[in-house]
Every structure is written in C-alpha cells, then in structure tokens.
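Keep in mind that this is a model prediction, so the values were computed, not measured.
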Amino acid sequence: MDNSWESLKNQCMTCQKCDLCKTRKNVVFGIGNPRSEVVFIGEGPGEQEDIQGKPFVGRSGQLLDKMLKAVDLSRDENIYIANIVKCRPPKNRDPLPAEQDSCIKWLDKQLDFIKPKIIVTLGRIAAMKFVKPDIKITQEHGVFYDRDGTIFMATLHPAALLRNPARKPMAFQDFLNLREKIKEVCKHTYK
Ligand code: URA
C-alpha cells in the first residue's frame, strides 16, 4: 500500500489526542480496501472491536456483513469501513463531542486519501457528523445527498436493528437503493 497511507496509519496507531487512549486496548484504524469507491462510517469501537483492533466484528458487525453481502459488497474486496472515533469509549457510551472532534481528523485524512464516491453513515452519531447535525435517522435514512460530487446517505446502525428487528426491512431497502446508486456512479465497485 501507498507510503502515505501506511504513514497515516502508523501515526494514528500511537495517537494520544484524547483520554480514550488511556482505556483502549487497540486503536481501530479501519478495515477494507483503501482504493474503494464506497466507505461506511460507524460510531466507535465496542468491546470486541477494541480487543481485535478491527471495526464491526461483534454481533452488529455480523449483521452488517450479511447486509453487505446481500448487495455484493464486502470488506475484503470493494468497500472500506471506519468509525468516527478510533478508540472504544468506556462502557460503550456515546463518544463525547471533544473526542469526536479530535479523532475525526484521522478519518478526514483517510477520506482525503480514499476519495470515495459514496459515504454511508451507520447510526445517529455518524449521520450527525456527515449528513445533517439534526438528523432524525428513522425518518431521514436512505436519502442521497450530493455534496460537491460526493454522495452521502445515512442508514440505521446494525446494533439498532438488533435491538429492534422490525426496522430491518427499512435498512435493507436502503442497501438495495445503495446498490442502484453504486451502479449509477461507481466504475469499479461491481465488476
Ligand atoms: N459499532 C460501531 O459503530 N462501530 C464498530 O466498529 C462496532 C460497533
């Protein structure tokens, strides 16, 4: 992989910009193909992610992988997955605004490198940062916004779908619509 990506990762892995570094086991930099046209953004690592150093590897990650597979997307191939914060907030609390603000600089640099065509946010915290600060996710999920040539879409967080399975069809429809949008605007994602 490109030097600048590796050096970004190396710097990030030793980050001490906020207090989450004191309680983390691992920095969860992100996973997938940094040459992807589609990036998914979650909130922050949970317990399993902290232990394994990879995003979305717990129960919600298993559901996410299933939904991705249904629309021919995979973290091993044609997408990249990262979080707003790279270190686990204690007891899985929401990341504090100051933690988000200092950590998002890493994500911004990752996005500068990847230059995705489509960014999909998972859950409220990521949607507030990237889509709309006052978003009502259950009402405004699945809407595509084109901003300066990058398309943004918020969908429900897989952990919320595990808590409320009746909402799975809503999120699944977002993924089906995403597949159509990818076919429209991405050249390499589906071969
Ligand atoms: N929830 C998230 O938002 N991100 C993860 O990586 C895992 C669970």
Side-chain angles (χ1 to χ4, degrees), residues 1-21 24-46 48-58 60-61 64-65 68 73-89 94-133 135 144-155 157-158 178 181-182 185-189:
M1 183 41 56
D2 194 292
N3 273 347
S4 54
W5 180 261
E6 284 307 320
S7 101
L8 177 65
K9 183 168 181 184
N10 290 340
Q11 288 168 49
C12 180
M13 296 310 274
T14 55
C15 179
Q16 299 193 348
K17 283 189 196 165
C18 82
D19 280 352
L20 295 183
C21 72
R24 75 178 178 223
K25 291 190 172 64
N26 280 295
V27 175
V28 179
F29 183 67
I31 199 162
N33 179 357
R35 308 256 177 236
S36 301
E37 294 165 304
V38 186
V39 170
F40 286 77
I41 300 176
E43 177 178 324
Q48 277 308 313
E49 289 78 19
D50 184 41
I51 292 169
Q52 296 186 40
K54 295 177 189 158
F56 285 100
V57 288
S60 61
L64 177 63
D65 282 342
L68 291 169
L73 297 175
S74 157
R75 62 174 82 198
D76 299 324
E77 219 175 312
N78 53 3
I79 59 162
Y80 194 80
I81 307 177
N83 284 306
I84 296 286
V85 295
K86 305 215 176 288
C87 299
R88 183 191 183 200
D94 284 354
L96 303 174
E99 292 161 353
Q100 294 182 40
D101 288 347
S102 61
C103 200
I104 206 156
K105 295 181 185 105
W106 294 117
L107 181 57
D108 286 339
K109 285 183 185 157
Q110 286 173 292
L111 294 174
D112 282 348
F113 183 94
I114 300 172
K115 297 192 176 55
K117 296 227 166 10
I118 303 181
I119 294 178
V120 179
T121 60
L122 301 164
R124 189 178 56 91
I125 299 276
M128 285 166 66
K129 279 274 175 208
F130 280 91
V131 182
K132 210 171 161 213
I135 192 160
F144 293 101
Y145 298 89
D146 188 333
R147 300 213 185 101
D148 301 325
T150 307
I151 292 167
F152 294 83
M153 188 262 271
T155 191
H157 196 288
L178 171 65
K181 185 59 84 179
I182 291 172
V185 303
C186 297
K187 286 197 187 116
H188 313 296
T189 301

Please name the pair of heavy atoms, one in [X] and one in [Y], separated by the smallest distance, quoted to 0.1 Å.
{"X": "C87", "Y": "V27", "answer": "SG-CG2, 4.1 Å"}
{"X": "A82", "Y": "L107", "answer": "CB-CD1, 3.9 Å"}
{"X": "G42", "Y": "A126", "answer": "O-CB, 3.8 Å"}
{"X": "P89", "Y": "P45", "answer": "CD-O, 3.7 Å"}
{"X": "P158", "Y": "S60", "answer": "CB-O, 3.4 Å"}
{"X": "N78", "Y": "T189", "answer": "ND2-O, 3.2 Å"}

What I'd like to find out is whether the side chain of [X] reaches to under 4.5 Å of the side chain of [Y], using heavy atoms alone.
{"X": "E43", "Y": "P95", "value": "yes"}
{"X": "F130", "Y": "I84", "value": "yes"}
{"X": "L73", "Y": "L178", "value": "yes"}
{"X": "T155", "Y": "L122", "value": "yes"}
{"X": "K105", "Y": "K17", "value": "yes"}
{"X": "R88", "Y": "E49", "value": "no"}
{"X": "R147", "Y": "T150", "value": "no"}
{"X": "C12", "Y": "K86", "value": "yes"}

Interatomic spacing from [atom1] in [X] to [atom2] in [Y] - rounded to 0.5 Å:
{"X": "H188", "Y": "S36", "atom1": "NE2", "atom2": "OG", "result": "11.0 Å"}
{"X": "F144", "Y": "I118", "atom1": "CZ", "atom2": "CD1", "result": "6.5 Å"}
{"X": "S4", "Y": "K109", "atom1": "OG", "atom2": "NZ", "result": "11.5 Å"}
{"X": "W106", "Y": "M13", "atom1": "CH2", "atom2": "CE", "result": "11.0 Å"}
{"X": "I125", "Y": "I41", "atom1": "CD1", "atom2": "CD1", "result": "13.5 Å"}

### Task
Applying side-chain contact (heavy atoms from CB on, under 4.5 Å), run through L64 and I81 and close with a yes or a no.
CA-CA 11 Å; L64 177 63; I81 307 177; 4.2 Å; yes
### Message
Test side-chain contact (heavy atoms from CB on, under 4.5 Å) on K129 and D101; report intermediate values, then the result.
### Response
CA-CA 10 Å; K129 279 274 175 208; D101 288 347; 2.9 Å; yes
### Query
Going by an N to O cut-off under 4.0 Å, is there a salt bridge joining D146 and K117?
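K117 and D146: not salt-bridged.
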### Query
Do NZ/NE/NH1/NH2 and the carboxylate oxygens of D65 and R75 come within less than 4.0 Å?
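Yes, charged N to carboxylate O under 4.0 Å.
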Backbone N or O of [Y] within a donor-acceptor pair of the [X] side chain at under 3.5 Å?
{"X": "D50", "Y": "K25", "answer": "yes"}
{"X": "Q100", "Y": "D94", "answer": "no"}
{"X": "E37", "Y": "K187", "answer": "yes"}
{"X": "N33", "Y": "I79", "answer": "no"}

### Exceeds 12 heavy-atom contacts within 6.0 angstrom, atom NZ of K54
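No.
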### Query
When I119 is tested against each of V38, L111, I151 for side-chain contact (heavy atoms from CB on, under 4.5 Å), which residue passes?
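So, applying the side-chain contact (heavy atoms from CB on, under 4.5 Å) to I119 and each of V38, L111, I151, only L111 qualifies.
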### With Q52 via side chain to side chain donor-acceptor pair (under 3.5 Å) - residues at least two apart
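Testing Q52 for side chain to side chain donor-acceptor pair (under 3.5 Å), a comparison that skips the adjacent residues, returns Q48.
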### Message
Classify the ring geometry of W5 against Y80: parallel below 30°, tilted from 30° to 60°, perpendicular beyond 60°.
### Response
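It falls in the perpendicular class, over 60°.
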